[in-house]
Structures are given as C-alpha cells and as structure tokens.
Amino acid sequence: MYTEAVMEHFTNPKNVGEIENPDGEGQVGNPTCGDIMKMYIKVEDDQVVDAKFKTFGCGAAIATSSVATEMVKGKTIEEARNITNRQVAEALGGLPGNKMHCSNLAADALHKAIDNYEERKKAREEGTA
Amino acid sequence: MRRIYMDHSATTPVHPRVAAVVNRFMLSDYGNASSVHHFGKVAREALEDARSQVADLIGADSPSELLFTSGGTESDNLAIKGVAYARRDQGRHIITSAIEHQAVLHACDALEAEGFEITKVGVDGQGRLDPEAVRDAIRGDTILISIMLANNEVGTLQPIEEIAAIAKEYDVLVHTDAVQAVGQISVDVEALGVDLMSLSGHKMYGPKGVGALYVRRKTPLQPLQNGGHHERRLRPGTENVAGIAGMGEACLLAKEELAIRNQYLLRLRDRLIDGIMSEIPKVYLNGHPDHRLPNNVNVSIVGIEGESILLSLDMKGIAASSGSACTSGSLEASHCLLAMGLTHEVAHGSVRFTLGRDNRQEDVDEVIRELPAIVERLRAMSPLS
Ligand SMILES: Cc1ncc(COP(=O)(O)O)c(C=O)c1O
Ligand code: FES
C-alpha cells in the first residue's frame with residue numbers, strides 16, 4: 001500500500017518532538033478522521049533553521065510530517081510558503097489516493113507555523129515601533 | 001520472519017482437512033450436481049452431505065432448512081431483502097441495530113431507498129443491545145428484526161434468545177447474522193428461536209466465497225435472483241460444490257472441536273487482555289468483558305492511532321486490525337465503536353486481535369512483549385500525550 005519512502009519515514013521519522021521557545025508553531029486537525037498534527041519552526045534571518053513535529057495519525061500522516069520538516073529546513077520563509085501538499089506527497093514517491101488528505105495536513109501545519117511566525121514578528125515590530 | 005496471524009475475524013486459514021475436501025471436488029469429483037450421470041450424483045451427494053453437516057452444527061430441524069450462498073454478505077442480503085419483499089404486504093418496517101456488519105446495514109439502506117422504514121436500535125457502552133429497546137421499536141407494521149449474534153469488531157454477544165422471544169409475541173420474524181459466532185461458540189437455532197441465520201465459510205476454517213442461510217420451514221422468502229431450480233429456486237445458480245463440501249467439512253470439524261476450541265481460545269484471549277492491560281498504561285477494553293466471543297481482544301490505546309499501530313505490528317510480523325478512521329477506506333471511524341459512545345480519538349486508537357486455533361501461547365506472549373514498545377514510540381510522536 002505504501003511506498004518504501006513512506007515506510008522509511010514512518011519507521012525512522014526525522015524531527016520528532018517539540019522545539020522549546022519556537023519562533024512559530026501551527027496545529028491542524030482533520031475534522032472527519034480526527035487526526036492532529038503539530039509543527040514547530042525555528043527561524044533565523046528569515047530562514048528556517050529547525051523544524052519539529054508531533055502527529056496523531058496514520059503511517060502516511062507521520063511520514064508526511066517527517067518529510068515536510070526535512071523539506072522546510074534551510075528554506076527561506078518565502079520558499080517554505082511555496083511547499084505544497086503535492087510536493088510533500090511526491091517526496092514520498094506518492095501516497096494512496098485515500099491518504100492524500102494526510103499530506104494536506106503536513107503542508108497546512110507548516111503554513112500555519114509560518115503564519116504564526118509572521119504574526120509574532122509583526123507583533124514584535126509593532127511593539128518596538 | 002516468523003509471522004503471527006491474529007486477524008481471524010477477517011478470515012481464517014483453511015483447515016487442511018477442508019482443503020483436502022475442496023481439492024477432491026475440484027480435481028476428481030467435479031460434476032455438476034444437477035447432472036444425471038455418475039459425476040452429477042457424486043456432486044449431489046456431497047452437496048446434501050454438506051447441508052446435513054451444517055444443519056447438524058447449528059441444530060436445525062432439517063437440512064432442507066439450509067440454503068447455500070456465496071458467503072455472509074449474500075446470506076444477509078437474501079435474508080433481509082428476501083423477507084422484506086415476501087412480506088411487504090404485511091408491513092414495511094424493519095428493526096436492526098446500530099452495530100451490524102455493513103452487509104446488513106447497507107441491505108437495510110437499500111430497502112429504505114425503496115420505501116421500507118428502518119429503525120436502528122442503539123447499544124450500550126459495551127456494545128450490548130437491550131431487548132426491551134427492541135420491544136419498544138416494534139410497530140404494527142414491523143415485519144423483520146435483524147440483529148447479529150456476535151459483533152465482528154468488539155466480539156460482543158447479543159441476547160438473541162430474548163429478542164426472538166419478544167419478536168414471537170408480535171409475530172415478527174427474526175434474522176441473526178451469526179457469521180462470527182458459528183464455529184466459535186455453540187449456536188443452536190432452536191434454542192435461539194430465530195427464523196433466519198447467516199453463516200460464512202471463511203470465518204470458520206472453510207473456504208472464502210461460500211456461506212449458508214438457515215431459513216426455518218414456512219418462513220416467507222423471495223429469491224433475489226432468477227435462474228434454474230437450484231436451492232429450491234431460492235438461490236439459483238450452479239452450486240459451488242467444492243466450496244460447499246469444504247464448508248460442510250469445516251462444520252464437522254467445528255462440531256468435533258468446539259468445546260476444546262472454545263476453552264483454548266478463552267485462555268489465550270484472557271492472557272492477552274490481561275497482558276496488554278498490565279503492560280500498557282491508558283488502555284481500555286472495548287466490548288463486553290463476559291458476553292464476548294472467546295477469540296476477540298479489542299482495545300483502545302489512548303493517544304495513538306490504529307493504522308500506525310498495525311503498521312508497527314506488521315513490521316514485527318504480527319497481523320491485527322483496527323476500527324480507526326484511517327484504516328477504513330472511507331475515513332470514518334468504525335460505526336460500531338462510535339455507536340458504543342467512544343469518542344473519535346478513542347475509536348481511532350482501537351486495535352483488534354482475533355485469535356484462532358492455530359495461535360499458540362508464545363504468539364500471545366510475543367504480542368504482549370512487542371506492543372508496549374510500539375505504543376511508547378508512537379505516543380512519543382503524538383501531540384495528545
Ligand atoms: C458479522 C459479519 N457478517 C457478514 C460478513 C460478511 O461475510 P462474507 O465475507 O462471507 O461475505 C462478515 C465478514 O466480514 C461479518 O463479520
Ligand atoms: S491521518 Fe487519518 S488517514 Fe492519514
């Protein structure tokens with residue numbers, strides 16, 4: 001059912017955990033099946049230097065979380081925003097059709113974490129202005 | 001890798017004795033049971049022997065009360081739609097439960113779309129139906145009650161005897177889906193008092209694609225397909241002689257082994273339940289502790305999701321199943337667990353181990369050994385714990 005890449009990321013997921021004092025964090029949940037994904041990012045000079053996740057979901061959800069955190073590391077905020085669900089799925093050699101919404105979850109969580117980072121940044125800038 | 005199969009409610013391995021019978025009726029005695037020649041007669045005899053073997057296992061008055069079908073799904077459809085169509089002049093109301101197998105639920109949905117009315121009686125937190133709730137659901141135009149004998153997910157056994165007794169008071173027919181029960185526990189149609197009962201070969205060490213429907217004498221039934229004279233025209237089509245003979249052998253085997261099988265499985269089941277409960281924190285047993293199939297262990301492991309547990313178990317060579325939305329294909333959690341009042345999250349973390357006669361105590365102990373580490377790893381990844 002799953003590609004080798006999915007199984008590899010499921011078995012040895014990268015970047016599991018939380019980041020203390022993250023620069024951004026985002027959580028998404030899938031209302032129909034009740035899965036939850038949480039992403040944390042650390043940003044320096046508008047570049048994502050670290051990303052971590054915690055996921056409650058199926059093998060695909062764990063694998064997409066893992067690969068998405070890998071993909072985002074080293075990217076600028078601009079580039080990170082452009083990571084799409086499809087790219088996440090492609091990085092895993094594809095997902096079964098009924099699992100595509102799990103890859104939605106990973107990119108969505110990432111984008112939320114970026115939103116959160118930008119909100120915090122804006123708040124800081126306004127605070128200092 | 002040594003593989004441990006603990007998904008016997010999905011399907012069972014065919015017993016070698018059954019396989020030998022199937023083999024014989026495929027390779028040597030392959031006649032059409034309707035033919036007049038020797039080959040036909042041998043096939044006919046095999047068919048009628050199998051009918052007697054099934055009848056014998058379930059305590060039917062006469063083998064003629066059994067029809068062979070293509071499996072549990074067809075038996076359920078034939079029972080429910082067959083009675084509904086035959087009795088539509090007397091009423092259009094059917095009662096079933098919220099935790100039936102999809103074969104029953106979707107057959108009812110199809111009838112509903114045709115103008116029948118369906119009441120789905122709920123269950124308690126352990127998956128048991130209250131017979132009085134069934135009584136309350138009965139109306140003047142109720143023609144059929146279809147309630148399963150044993151649930152396929154949580155193994156809960158239903159009080160069918162009491163339900164059938166109530167139904168009799170109101171002249172309502174009773175069908176029970178006994179697919180998971182037959183071969184596991186002693187099932188007697190006379191003691192149960194049911195009018196129709198579904199069986200499936202592959203859940204009892206028989207072949208897939210063969211089943212039977214018990215139809216008490218004089219029960220009105222309209223066939224769902226038209227064709228030749230086979231199975232008293234109630235189920236036309238050249239009989240699957242090899243499969244049917246195999247199912248007969250599986251029934252004979254069940255009859256011989258039932259008492260020991262039952263005891264043996266109970267011991268393994270309780271060892272597995274106790275082991276999981278004592279080794280892993282925050283685990284709930286789903287289903288009824290006592291009114292339960294002897295081979296069913298269904299637990300919810302809080303904070304993690306079923307499919308990821310199954311994948312992890314599979315990597316250790318252990319085959320199980322789950323009622324998680326992520327494994328359902330439809331991305332909805334098991335209707336049965338939700339009907340029992342489980343939250344989506346807890347239903348999500350359900351794992352079902354169903355034991356069989358081929359499982360050994362070492363198998364159970366290996367699951368108890370492997371599962372805690374799997375749970376710990378997944379919980380460490382979960383935002384919920
Ligand atoms: C309770 C119940 N009813 C019906 C069926 C369907 O039987 P079959 O697979 O033979 O069509 C099953 C099997 O999954 C079952 O567990
Ligand atoms: S998280 Fe539910 S299907 Fe993937």
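- Rounded to the nearest 0.5 Å, atoms CG (B:Leu311) and CE (A:Met1) are 6.0 Å apart.
- For B:Lys316, the NZ atom sits in a loose shell: 12 or fewer heavy atoms of surrounding residues, nucleotides or ligands are nearer than 6.0 Å.
- For A:Ala60, the part sitting under 4.5 Å from any heavy atom of chain B is the backbone (N, CA, C, O) and nothing else.
- Contacts between B:Ala347 and chain A at a heavy-atom distance below 4.5 Å are absent for every atom of the residue.
- The number of heavy atoms from other shown groups lying within 6.0 Å of NZ (A:Lys112) does not exceed 12.
- The shortest heavy-atom contact between A:Thr55 and B:Pro383 is C-CD, 3.4 Å.
- Looking at A:Lys99, its side chain does come within 3.5 Å of a backbone N or O of B:Cys326 through a donor-acceptor pair.
- For A:Glu90, the CD atom sits in a packed shell: over 12 heavy atoms of surrounding residues, nucleotides or ligands are nearer than 6.0 Å.
- By the neighbour-count criterion of 12 heavy atoms within 6.0 Å, atom CG of A:Asp45 is sparsely surrounded, having that number or fewer from other residues, nucleotides or ligands.
- The contact between B:Ser312 and chain A is made by backbone and side chain atoms together, counting heavy-atom distances below 4.5 Å.
- Nearest heavy atoms, A:Gly57 versus B:Ser308: O-OG, 3.4 Å.
- Using a 4.5 Å cut-off between heavy atoms, A:Ile36 touches chain B through backbone and side chain atoms alike.
- Between A:Thr11 and B:Arg377 the shortest heavy-atom distance is O-NH1, 3.0 Å.
- Of the residues considered (B:Glu345, B:Met381, B:Met315), B:Met381 shows the highest number of contacts with chain A, using heavy-atom pairs under 4.5 Å.
- The two atoms that bring A:Phe56 and B:Glu305 nearest to each other are CE1-N, 3.7 Å, heavy atoms only.
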